[in-house]
2 protein chains.
Amino acid sequence: MTSTCYKYLVVTISRGDAFDPDCPTRVVLDRIGDKWTALVIGSLEDGPLRFSVLRARIGGVAPKVLTQTLRAMERDGLLTRTVHAQVPPRVDYELTPLGASLTGPIATLTDWAETHLGAILASRGDYDAAADAR
Amino acid sequence: MTSTCYKYLVVTISRGDAFDPDCPTRVVLDRIGDKWTALVIGSLEDGPLRFSVLRARIGGVAPKVLTQTLRAMERDGLLTRTVHAQVPPRVDYELTPLGASLTGPIATLTDWAETHLGAILASRGDYDAAADAR
DNA sequence: CGGGATCCATCGCGATACTG
DNA sequence: CAGTATCGCGATGGATCCCG
């Protein structure tokens, strides 16, 4: 961790305002840390999808919430929203280059998660067992 | 994104239960996506710190919330909590190898965030300006 | 000093119903 | 089809007070 951004994080920590809304890591974490954004990115990796298909692929997401997620991502320039003037309505969502480039960092996180999930789950088991014993 | 974990994500998506609590990416995202965990990891990178120092370094975090964060991280095996039997009490927190290894993926995310923050903020500005115009 | 206990504000998220 | 409107729950995070 030697990037300027990390320095920024350290600096903001020492300044006591690490939650400066312009802290890059915070901005990104607030976006992909929500419940559906990472899943949307994964679903759109192979190409554009329309609203209903996206909704079916992800499963279990309420229309309102999916709309919220997509709007936030559009606002951040992660995807484009294309309305086709026809009946019935058809709206396509497609990752921008910016959004597609986020798959890299997510993959890194995903690889780490896959490698270490066992350790995390085991640690949780131990911790809870020790707590129960008391 | 060709890891097994990503396949797992895709599979769980197609199964409609992508929020299976055992989805590795979800577990990790739920932890580092919270408000303070990433900051704690950054603060502990250079060595162990005691509670009060950690609290001062991060700034703006309530004792209760910091305790919650540290306990969750301890439960997941990301750090160790060492109570020194002395008066006044002294408790040290230190990253485990597992916790330290998380700095890699976080750095990747941080680098991406630093590189693209400008584009995100610009996109937000455009989006909001267009919305205001209406 | 390092919390535990309690109360509380906020907000993400979800279920349901309705519409251009 | 692709949303919007409304209602409301539950979890996170915070403020305050207290204790070993």
Side-chain angles (χ1 to χ4, degrees), chain A residues 16-21 26-40 43-44 48-76 79-94 131 134, chain B residues 16-21 23 26-27 29-40 43-44 48-76 79-94 131 134:
Chain A
D17 61 343
F19 281 89
D20 178 341
R26 180 56 28 203
V27 170
V28 173
L29 234 33
D30 282 347
R31 180 65 55 238
I32 69 168
D34 76 1
K35 199 168 178 183
W36 303 107
T37 298
L39 254 24
V40 169
S43 300
L44 290 179
L49 292 177
R50 47 193 305 188
F51 187 87
S52 53
V53 177
L54 202 44
R55 192 184 167 207
R57 284 259 288 235
I58 292 177
V61 59
K64 188 196 74 170
V65 176
L66 183 56
T67 297
Q68 281 177 355
T69 304
L70 292 169
R71 287 298 205 288
M73 294 175 71
E74 187 194 8
R75 188 170 101 103
D76 284 357
L79 52 76
T80 57
R81 178 173 177 270
T82 308
V83 182
H84 299 275
Q86 63 183 48
V87 178
R90 175 197 175 99
V91 181
D92 282 318
Y93 292 92
E94 180 170 22
R134 274 180 281 114
Chain B
D17 60 343
F19 281 90
D20 179 340
C23 172
R26 180 54 31 200
V27 170
L29 234 31
D30 283 346
R31 181 65 54 240
I32 69 168
D34 77 0
K35 200 168 178 183
W36 304 106
T37 298
L39 254 25
V40 169
S43 301
L44 291 179
L49 293 177
R50 45 193 305 189
F51 187 87
S52 52
V53 176
L54 201 45
R55 191 182 167 211
R57 283 259 288 236
I58 291 179
V61 58
K64 189 198 74 168
V65 176
L66 182 56
T67 298
Q68 280 177 355
T69 304
L70 292 168
R71 287 300 204 287
M73 294 176 72
E74 186 195 8
R75 188 171 101 102
D76 285 356
L79 52 75
T80 57
R81 178 173 177 271
T82 309
V83 182
H84 300 275
Q86 62 183 50
V87 177
R90 175 198 175 101
V91 182
D92 282 319
Y93 292 92
E94 180 171 19
R134 272 179 283 114

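Computed from heavy atoms alone, side chains included, the values below leave out hydrogens, waters and symmetry copies. A note on names: the letters A, B, ... follow the listed sequences, proteins ahead of strands, and every chain is numbered from 1. What you are looking at is a predicted structure, and each value in this text was computed from that prediction instead of being measured.
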Heteroatom pairs (N/O) under 3.5 angstrom, protein to nucleotides 18-20 of chain C:
none

Exercise. Calculate the interatomic distance between A/Asp30 atom CG and D/dT12 atom P; express it in whole Å.
Key: 15 Å
Quiz item: Does B/Val53 have any side chain to side chain contact (heavy atoms under 4.5 Å, CB included) partners at least two apart in sequence or in another chain, and if so, which?
Solution: B/Leu49, B/Arg50, B/Arg57
Quiz item: Angle, rounded to 10°, between the helical axes spanning five pairs at each terminus of the helix from C/dC1-D/dG20 to C/dG20-D/dC1?
Solution: 50°
Practice problem: Kindly compute the distance separating CG (A/Leu54) from OG1 (A/Thr69), expressed to the nearest 0.5 Å. | Solution: 9.5 Å
Practice problem: Name all residues meeting the salt bridge (charged side-chain N to carboxylate O under 4.0 Å, His left out) criterion together with A/Arg55; count only those two or more places apart in sequence or in a different chain, and write none if there are none. | Solution: none
Exercise. Measure the distance from CG on B/Leu29 to P on D/dT12 and round it to the nearest whole Å.
Key: 15 Å
Quiz item: Does a side-chain N or O from B/Arg90 land closer than 4.0 Å to OP1 or OP2 of C/dG3, or not?
Solution: no
Quiz item: Which value, rounded to the nearest 0.5 Å, describes the distance between B/Asp30 atom CG and A/Lys35 atom NZ?
Solution: 9.0 Å
Quiz item: Could you state the CZ-P distance from B/Arg55 to C/dG2, rounded to the nearest angstrom?
Solution: 10 Å
Exercise. Nearest whole angstrom, please: distance from the P of C/dG2 to the NE2 of B/His84.
Key: 10 Å
Practice problem: For B/Leu70 and B/Trp36, run side-chain contact (heavy atoms from CB on, under 4.5 Å): C-alpha distance rounded to whole Å, both residues' side-chain angles, the deciding distance at 0.1 Å, then the answer. | Solution: CA-CA 9 Å; B/Leu70 292 168; B/Trp36 304 106; over 6 Å; no
Protein-nucleotides 11-16 of chain C N/O pairs under 3.5 Å:
unit_1 : atom_1 : unit_2  : atom_2 : d
C/dC13 : OP1    : A/Lys35 : N      : 2.8
C/dG14 : OP1    : A/Lys35 : NZ     : 2.7
C/dG14 : OP2    : A/Trp36 : NE1    : 2.8
C/dG14 : N7     : A/Lys64 : NZ     : 3.3
C/dG14 : O6     : A/Lys64 : NZ     : 2.2

Quiz prompt | Partners passing side chain to side chain contact (heavy atoms under 4.5 Å, CB included) against A/Gln68 (at least two apart in sequence or in another chain) | solution = A/Lys64
Quiz prompt | Interatomic distance where CD belongs to A/Glu74 and P belongs to D/dA2 [whole Å] | solution = 15 Å
Exercise. For B/Ala38 and A/Leu29, work out which heavy atoms get closest and say how close.
Key: CB-CD2, 4.0 Å
Self-check item: Test side chain to side chain contact (heavy atoms under 4.5 Å, CB included) applied to A/Val83 - qualifying residues, sequence neighbours left out
Solution: A/Arg81, A/Val91
Quiz item: When the distance from CG of B/Leu66 to C1' of D/dT12 is rounded to whole Å, what number comes out?
Solution: 15 Å
Practice problem: Report the distance from atom CG of A/Leu44 to atom OG1 of A/Thr80, rounding to the nearest 0.5 Å. | Solution: 9.0 Å
Quiz item: Any side-chain N or O of B/Ser52 less than 4.0 Å from the OP1 or OP2 oxygen of C/dC1?
Solution: no
Self-check item: By side-chain hydrogen bond (donor to acceptor under 3.5 Å, both in side chains) - contacts of A/Thr37 (at least two apart)
Solution: A/Asp34
Exercise. Rounded off to whole Å, could you give me the CG-to-P distance for the B/Leu70 and C/dG4 pair?
Key: 11 Å
Quiz item: Between B/Gly33 and A/Arg26, which heavy-atom pair has the shortest distance, and what is it?
Solution: O-NH1, 4.5 Å
Quiz item: Reckon A/Arg50 touches a base, only the sugar-phosphate, or nothing at all at heavy-atom distances under 4.0 Å?
Solution: sugar-phosphate
Quiz item: OP1, OP2 of C/dG3 versus side-chain N and O of B/Arg71: anything below 4.0 Å?
Solution: yes
Practice problem: Could you list the residues that satisfy salt bridge (charged side-chain N to carboxylate O under 4.0 Å, His left out) with B/Arg71, not counting sequence neighbours? | Solution: none
Quiz item: What integer distance in Å separates B/Ile58:CD1 from D/dG14:P?
Solution: 11 Å
